[in-house]
*Asks:* 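I'd like to ask you about the structure that follows.
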Amino acid sequence: QVQLVESGGGLVQAGGSLRLSCAASGSIFSIDAMGWYRQAPGKQRELVAAITSGGSTNYVDSVKGRFTFSRDNAKNTVYLQMNSLNPEYTAVYYCNAPRVFAPAKAMGVMTILPPLDYWGQGTQVTVSS
């Protein structure tokens with residue numbers, strides 16, 4: 001079983017910064033691309049940033065230049081540095097790993113299981129004006 005645990009959310013004034021972390025733990029062989037989503041009250045969950053296993057990133061236009069997505073593959077941890085925050089960014093932020101490969105052993109032979117999709121529990125980010 002794999003768990004994603006986010007941390008780093010909180011209350012910050014407009015113009016401030018926060019750094020979110022998402023640590024994956026459990027039986028992990030490798031993790032492909034990962035994403036940060038956010039869901040504001042009354043709105044649908046949206047993807048705001050994505051990162052490949054090699055570190056290439058992509059961002060929704062509204063956060064380009066403000067957010068930086070990075071990962072430490074050795075620690076199975078990703079980070080979202082959020083700068084110049086404004087109240088529109090208030091939301092619950094979720095970490096997603098849609099393709100997590102886990103090792104298994106069957107009759108003494110190591111195999112890699114088909115990838116599974118995992119989500120974190122979410123961390124609240126509140127930006128006050």
Side-chain angles (χ1 to χ4, degrees):
Q1 188 69 10
V2 172
Q3 283 190 319
L4 301 183
V5 178
E6 299 112 333
S7 60
L11 173 64
V12 64
Q13 288 190 331
S17 299
L18 283 174
R19 189 192 193 209
L20 305 183
S21 299
C22 173
S25 62
S27 181
I28 299 170
F29 178 75
S30 68
I31 304 176
D32 280 357
M34 298 185 68
W36 280 100
Y37 288 74
R38 67 185 175 194
Q39 187 165 20
K43 294 188 177 181
Q44 288 190 330
R45 190 174 299 190
E46 64 168 345
L47 177 65
V48 295
I51 191 167
T52 67
S53 58
S56 297
T57 55
N58 205 357
Y59 304 92
V60 68
D61 285 347
S62 62
V63 306
K64 282 181 180 177
R66 298 172 185 258
F67 288 10
T68 302
F69 197 173
S70 61
R71 69 188 292 168
D72 184 336
N73 290 333
K75 295 182 179 180
N76 288 324
T77 301
V78 296
Y79 308 94
L80 187 67
Q81 178 66 43
M82 305 187 296
N83 299 328
S84 303
L85 290 166
N86 65 58
E88 295 177 354
Y89 294 157
T90 294
V92 178
Y93 283 72
Y94 297 90
C95 175
N96 173 233
R99 289 173 58 85
V100 179
F101 294 84
K105 190 174 284 187
M107 300 182 67
V109 179
M110 194 189 88
T111 62
I112 304 300
L113 298 174
L116 296 178
D117 183 4
Y118 292 96
W119 288 86
Q121 81 286 356
T123 185
Q124 176 70 47
V125 170
T126 303
V127 184
S128 63
S129 56

*Asks:* Do Leu4 and Leu116 belong to the same hydrophobic cluster, where Ile, Leu, Val, Met, Phe, Trp and Tyr are linked whenever their side-chain heavy atoms lie under 4.5 Å apart, directly or via other members?
*Replies:* yes
*Asks:* Nearest 0.5 angstrom please: Asn86 CG to Gln13 CD, how far?
*Replies:* 13.5 Å
*Asks:* Looking only at heavy atoms, what is the nearest atom pair of Tyr59 and Ala49, with distance?
*Replies:* CD2-CB, 3.6 Å
*Asks:* Just do the side-chain contact (heavy atoms from CB on, under 4.5 Å) check on Phe67 and Val60 with the steps written out, would you?
*Replies:* CA-CA 10 Å; Phe67 288 10; Val60 68; over 6 Å; no
*Asks:* What donor-acceptor contacts under 3.5 angstrom involve side-chain atoms of residues 119-129, with partners at least two apart or in another chain?
*Replies:*
from, atom 1, to, atom 2, distance (Å)
Gln121, NE2, Glu6, O, 3.3
Thr123, OG1, Gly9, N, 3.2
Gln124, NE2, Ala91, O, 3.4
Gln124, NE2, Thr126, OG1, 3.3

*Asks:* Go through the structure and list residues passing salt bridge (charged side-chain N to carboxylate O under 4.0 Å, His left out) with Arg99, not counting sequence neighbours.
*Replies:* Asp32
*Asks:* Please name the pair of heavy atoms, one in Trp36 and one in Leu20, separated by the smallest distance, quoted to 0.1 Å.
*Replies:* CH2-CB, 3.7 Å
*Asks:* Sequence neighbours excluded, which residues qualify as side-chain contact (heavy atoms from CB on, under 4.5 Å) partners of Thr52?
*Replies:* Ser56
*Asks:* Holding to side-chain contact (heavy atoms from CB on, under 4.5 Å), I want the full list of residues that pass it with Ala33, two or more places apart in sequence or in another chain.
*Replies:* none
*Asks:* Going by the rule side-chain contact (heavy atoms from CB on, under 4.5 Å), which residues pair with Ser17 if we only count those two or more places apart in sequence or in a different chain?
*Replies:* Gln81, Asn83
*Asks:* What residues, two or more places apart in sequence or in another chain, satisfy side chain to side chain donor-acceptor pair (under 3.5 Å) together with Tyr89?
*Replies:* Arg66
*Asks:* Which residues satisfy the ring pair (Phe, Tyr, Trp, His ring centres under 6.0 Å) test with Tyr94, sequence neighbours excluded?
*Replies:* none
*Asks:* With sequence neighbours left out, which residue pairs that include part of residues 41-79 fulfil the disulfide bond (SG atoms under 2.5 Å apart) condition?
*Replies:* none
*Asks:* Take atom CD in Gln39; do more than 12 heavy atoms of anything else shown fall under 6.0 Å from it?
*Replies:* yes
*Asks:* Tell me, please, which residues at least two apart from Glu46 pass salt bridge (charged side-chain N to carboxylate O under 4.0 Å, His left out).
*Replies:* Arg38
*Asks:* Does Thr111 have any side-chain contact (heavy atoms from CB on, under 4.5 Å) partners at least two apart in sequence or in another chain, and if so, which?
*Replies:* Ala104
*Asks:* Side-chain heavy atoms under 4.5 angstrom apart, residues restricted to Ile, Leu, Val, Met, Phe, Trp, Tyr: same cluster for Tyr79 and Ile31?
*Replies:* no
*Asks:* Measuring from Cys22:SG to Tyr118:OH, what's the distance to the nearest 0.5 Å?
*Replies:* 13.0 Å
*Asks:* With a 4.5 Å heavy-atom cut-off, do Tyr37 and Val92 have their side chains touching?
*Replies:* no
*Asks:* How would you list, by chain and number, every residue that makes a salt bridge (charged side-chain N to carboxylate O under 4.0 Å, His left out) with Lys64, sequence neighbours excluded?
*Replies:* Asp61
*Asks:* Applying salt bridge (charged side-chain N to carboxylate O under 4.0 Å, His left out), can you list everything that pairs with Asp72, at least two apart in sequence or on another chain?
*Replies:* none
